[in-house]
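Below, each value reflects all heavy atoms present in this structure, side chains not excepted, and no hydrogens, waters or symmetry copies. All ligand and atom numbering here is 1-based and tracks the order in the structure.
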Amino acid sequence: MTGKTILTGVKPTGAPHIGNYIGAIRPALQLAATHKKSYLFIADYHALNAVHDPQALRQDSYQVAACWLSLGLDPERTVFYRQSDVPEIFELTTLLSAVTPKGLMDRSHAYKAVVDKNTSEGRDADADVNMGLYTYPILMAADILMAQTDIVPVGKDQVQHIEFARDMAGYFNNTFKPVFKLPEYQLEKGGALLPGIDGRKMSKSYNNHIPVFMDTPARKKLVMKIVTDSKLPAEPKNPDDNIIFQIYAHMASVDEVASMREAFEKGGLGYGDAKQALFQVLEREFERPTQLYNEYMANPARIDELLEKGAEQARIIARNTLSMARMAAGLKPLL
Ligand code: TRP
């Protein structure tokens with residue numbers, strides 16, 4: 001258990017697959033369990049820049065909340081909230097904007113990617129760019145800095161955002177006086193190489209993914225569809241170019257993985273039996289969470305209640321940080 005504060009935000013983007021679970025959800029839950037202070041929130045205002053369908057935004061937010069809760073997030077230990085329930089974050093965004101050079105936003109990878117795409121397609125450079133996308137990193141810095149965060153676990157695509165948050169904390173601290181802790185990122189790497197059922201990287205856009213939440217018959221059917229070569233059960237097989245084994249290796253215990261590896265290498269383990277073993281470990285891990293997930297989704301009032309409690313807690317530190325920042329800048333402290 002370390003005394004450091006960890007924080008991470010998740011955009012509401014629908015139901016997860018097991019690649020998301022292995023690469024992002026499971027490591028974040030482990031970090032939350034080993035740190036004294038942890039914050040996890042649903043970045044709904046970030047999503048709003050791209051999602052302009054109110055029903056979808058609401059539903060996706062419930063889904064992502066139900067997902068984390070059913071996979072083991074403990075709201076008694078981790079402050080779990082909706083970004084939009086903590087208005088202090090948005091005031092802090094305005095304070096940070098006053099010390100953030102426009103050029104920093106111009107260098108943002110996410111913004112530049114859209115500009116490059118527009119330019120290469122012969123469109124206006126800023127076509128479809130709203131101010132929310134452009135200033136996305138400032139809101140993200142406010143998310144992080146308000147909680148006096150030490151560590152932000154992120155995927156590679158988010159590293160620049162954490163560096164920017166550090167920069168903004170530095171601009172503010174140097175312009176006025178030290179108010180914000182400088183956050184660091186911690187890279188999550190697992191899961192990136194998880195293959196889908198056809199062997200390409202697991203991804204919803206390839207439609208080769210295994211969802212985390214599915215009923216038992218559907219899960220079984222999907223596992224049985226994993227692509228294999230035509231080696232007979234008795235033949236020795238290389239586990240490392242075998243999709244079943246690669247997924248199993250992320251889900252089963254060390255002993256189970258070792259014994260499947262040996263059985264493949266020696267010969268005698270057929271793909272049908274290996275699929276059955278994979279199905280069993282997926283059931284072991286996800287059958288109960290699937291039930292819980294369905295229960296939460298049937299009871300959104302329960303989710304609201306939990307998230308509102310989390311927001312109350314988040315607002316305590318947010319108000320404190322914001323009040324200090326206001327005073328540092330020459331404004332009145334919060335009442
Ligand atoms: N931008 C992050 C993503 O797309 C989500 C996010 C918003 C976030 N605010 C954050 C992540 C603060 C970490 C810390 O995944």
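Nearest protein heavy-atom contact of atom 1 (N) of ligand 1 is Y136 OH, 2.6 Å. The single protein non-hydrogen atom nearest to atom 7 (C) of ligand 1 is H46 ND1, 3.3 Å, given as residue, atom name and distance. Counting only heavy atoms of the protein, atom 2 (C) of ligand 1 lies nearest to Q158 OE1, 3.2 Å.
Between R123 and D128, at least one side-chain nitrogen of the basic residue sits less than 4.0 Å from a carboxylate oxygen of the acidic one, meeting the salt-bridge criterion. The pair D116-K112 does not count as a salt bridge, with every side-chain nitrogen at least 4.0 angstrom from each carboxylate oxygen.
At a heavy-atom cutoff of 4.0 Å, ligand 1 is contacted by the side chain of I144 but not by its backbone.
Heavy-atom proximity to K11, at under 4.0 Å, picks out these atoms of ligand 1: 4 (O). Short contacts between ligand 1 and A43, defined as distances under 4.0 Å to a heavy atom of the residue, involve ligand atoms 7 (C).
If you check the side chains of D44 and S61, you find no donor sitting under 3.5 Å from an acceptor. In the model, D126 has no side-chain atom that pairs as donor or acceptor with a side-chain atom of Y134 under 3.5 Å.
The option with the heavy atom closest to atom 11 (C) of ligand 1, from among A47, G9, A110, is G9. Closest heavy-atom approach to atom 14 (C) of ligand 1 within the set L145, I89, V152: this belongs to V152.
Residue contacts with ligand 1: T8 is placed with no nitrogen or oxygen under 3.5 Å of a nitrogen or oxygen of the ligand (distance criterion only). Polar contact with ligand 1: present for D143 (N/O pair, distance under 3.5 Å).
A ring-centre distance under 6.0 Å is not found for Y136 and Y111.
Formation of a donor-acceptor pair under 3.5 Å by the T93 side chain with backbone atoms of L139 is not found in this model.
Both the sub-6.0 Å distance and the 45° axial angle are satisfied by R82 relative to the ring of Y62.
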